[in-house]
Amino acid sequence: SSPEVLNGKSSGAISSEALDAFVAANPELQKLYLRQNTVRLASNYGPFYQAAKLSPAQIAAFEKALTVHHQGLLDIAAAAIGEGLDKNSARLQQLRDSAHEERNRALRDTLGAEGYAVFAEYQRTLPAREVASYLAGELYYTPTPLTSEQAEALTRVVAESRRDSKSTEMWDLIVDRAHERKFLTPEQLAVLETRRDQMKLAAEVHAALAPLREAHEAPAATARRGSR
């Protein structure tokens, strides 16, 4: 799989299939995943709640729809492992698509057409917002904390850079555009440059670990084929 060069997630050697199988076999771990997902909803979607002017009842219904969807995906993954389905099989993709459609219907009912359009745009930029969230956290206790206007400008830059570049060039493009548009202070730019260096190094480490991941995954793939 490709490295997560945007938010710096772990580049460990455990395959996604091995992790899915472990979670599927541990109901308590599934509950922890769901709780973690629920706790993150407010922080992940807080700006959307404000932008869409959602009522408390709408927020509750929105979060319920996303939690039900997440539970459905866990159930699908567990069933797929139990039946020995390949993660790229057409049947499995059909189940995932159906779950997404059901979630979207519930969200449209809750948000209305206008609110759902705001959600769709926010969801599109959600990975980009992680960069702004990281920078805001790093700068919170400094003399130059990130403002909401700066966070929105940075989110736009990251979204554009993801669209316009290959993953290996993305961070250079983010920093270059932030310099050009002059919406960050020199101190804030220095923190962004440090993050760029961290992410590029993480991508190099991920690439260097590729042989280890392949050696780990090959026996498991062979065992799965032999069990069918």
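Small disclaimer: the values here were computed from a predicted structure and weren't measured. What's counted below: heavy atoms across the whole structure, side chains too, no hydrogens, waters or symmetry copies.
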Greater than 12 external heavy atoms within 6.0 Å of E102's CD
no
Would you sort out whether V191 and L184 count as a side-chain contact (heavy atoms from CB on, under 4.5 Å), showing the intermediate values?
CA-CA 10 Å; V191 175; L184 297 177; over 6 Å; no
Evaluation steps, side-chain contact (heavy atoms from CB on, under 4.5 Å), between F183 and V157:
CA-CA 11 Å; F183 59 87; V157 163; 3.8 Å; yes
Sidechain-backbone polar pair: [X] side chain, [Y] backbone, donor-acceptor under 3.5 Å:
| X | Y | result |
| --- | --- | --- |
| E63 | L41 | no |
| T110 | A106 | yes |
| S43 | R40 | yes |
| Q58 | S55 | yes |
| S89 | L92 | yes |
| Q71 | L34 | no |
| T142 | E138 | no |

Under 4.5 Å between side-chain heavy atoms, counting indirect links through other Ile/Leu/Val/Met/Phe/Trp/Tyr residues: same cluster for L126 and Y116 or not?
yes
Shared hydrophobic cluster, L212 / V205 (ILVMFWY, side-chain heavy atoms < 4.5 Å)
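Yes, same cluster.
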Residue pair [X] / [Y]: nearest heavy atoms and the distance that separates them:
| X | Y | value |
| --- | --- | --- |
| M170 | S165 | CA-OG, 3.2 Å |
| A52 | V118 | CB-CG1, 4.3 Å |
| A207 | P211 | O-CD, 4.1 Å |
| A42 | Y49 | CA-CE1, 4.3 Å |

Is there a side-chain contact between [X] and [Y], using heavy atoms and a 4.5 Å cut-off?
| X | Y | result |
| --- | --- | --- |
| V39 | Q36 | no |
| D172 | R196 | yes |
| T155 | V131 | no |
| W171 | V158 | no |
| Q188 | L139 | yes |
| V68 | R103 | no |
| D164 | R177 | yes |

How many angstroms lie between atom [atom1] of [X] and atom [atom2] of [Y], to the nearest 0.5 angstrom?
| X | Y | atom1 | atom2 | value |
| --- | --- | --- | --- | --- |
| H70 | L73 | NE2 | CG | 7.5 Å |
| L74 | K31 | CG | NZ | 13.0 Å |
| T125 | E130 | OG1 | CD | 10.5 Å |
| Q93 | S98 | CD | OG | 11.5 Å |
| I174 | S161 | CD1 | OG | 5.0 Å |
| K200 | E169 | NZ | CD | 9.5 Å |

In plain terms, say whether R129 and E152 are close enough for a salt bridge, that is, a side-chain N and a carboxylate O under 4.0 Å apart.
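Judged by the 4.0 Å cut-off on N to carboxylate O distance, R129 and E152 do form a salt bridge.
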Taking 4.0 angstrom as the limit, do E160 and R181 come out as a salt bridge?
yes
Show your reasoning for whether side-chain contact (heavy atoms from CB on, under 4.5 Å) applies to Y134 and Q198.
CA-CA 13 Å; Y134 171 84; Q198 290 172 340; 3.5 Å; yes
[Y] versus [X], side-chain donor and acceptor atoms under 3.5 Å:
| X | Y | answer |
| --- | --- | --- |
| E193 | H179 | yes |
| Q123 | Y45 | yes |
| R91 | Q94 | no |

Can you check whether Y122 and F119 have ring centres sitting under 6.0 Å from each other?
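When the ring centroids of Y122 and F119 are compared, they turn out to be at least 6.0 Å apart.
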side-chain contact (heavy atoms from CB on, under 4.5 Å), that's the test. Do L66 and L107 meet it? Break it down for me.
CA-CA 9 Å; L66 292 191; L107 292 180; 4.2 Å; yes
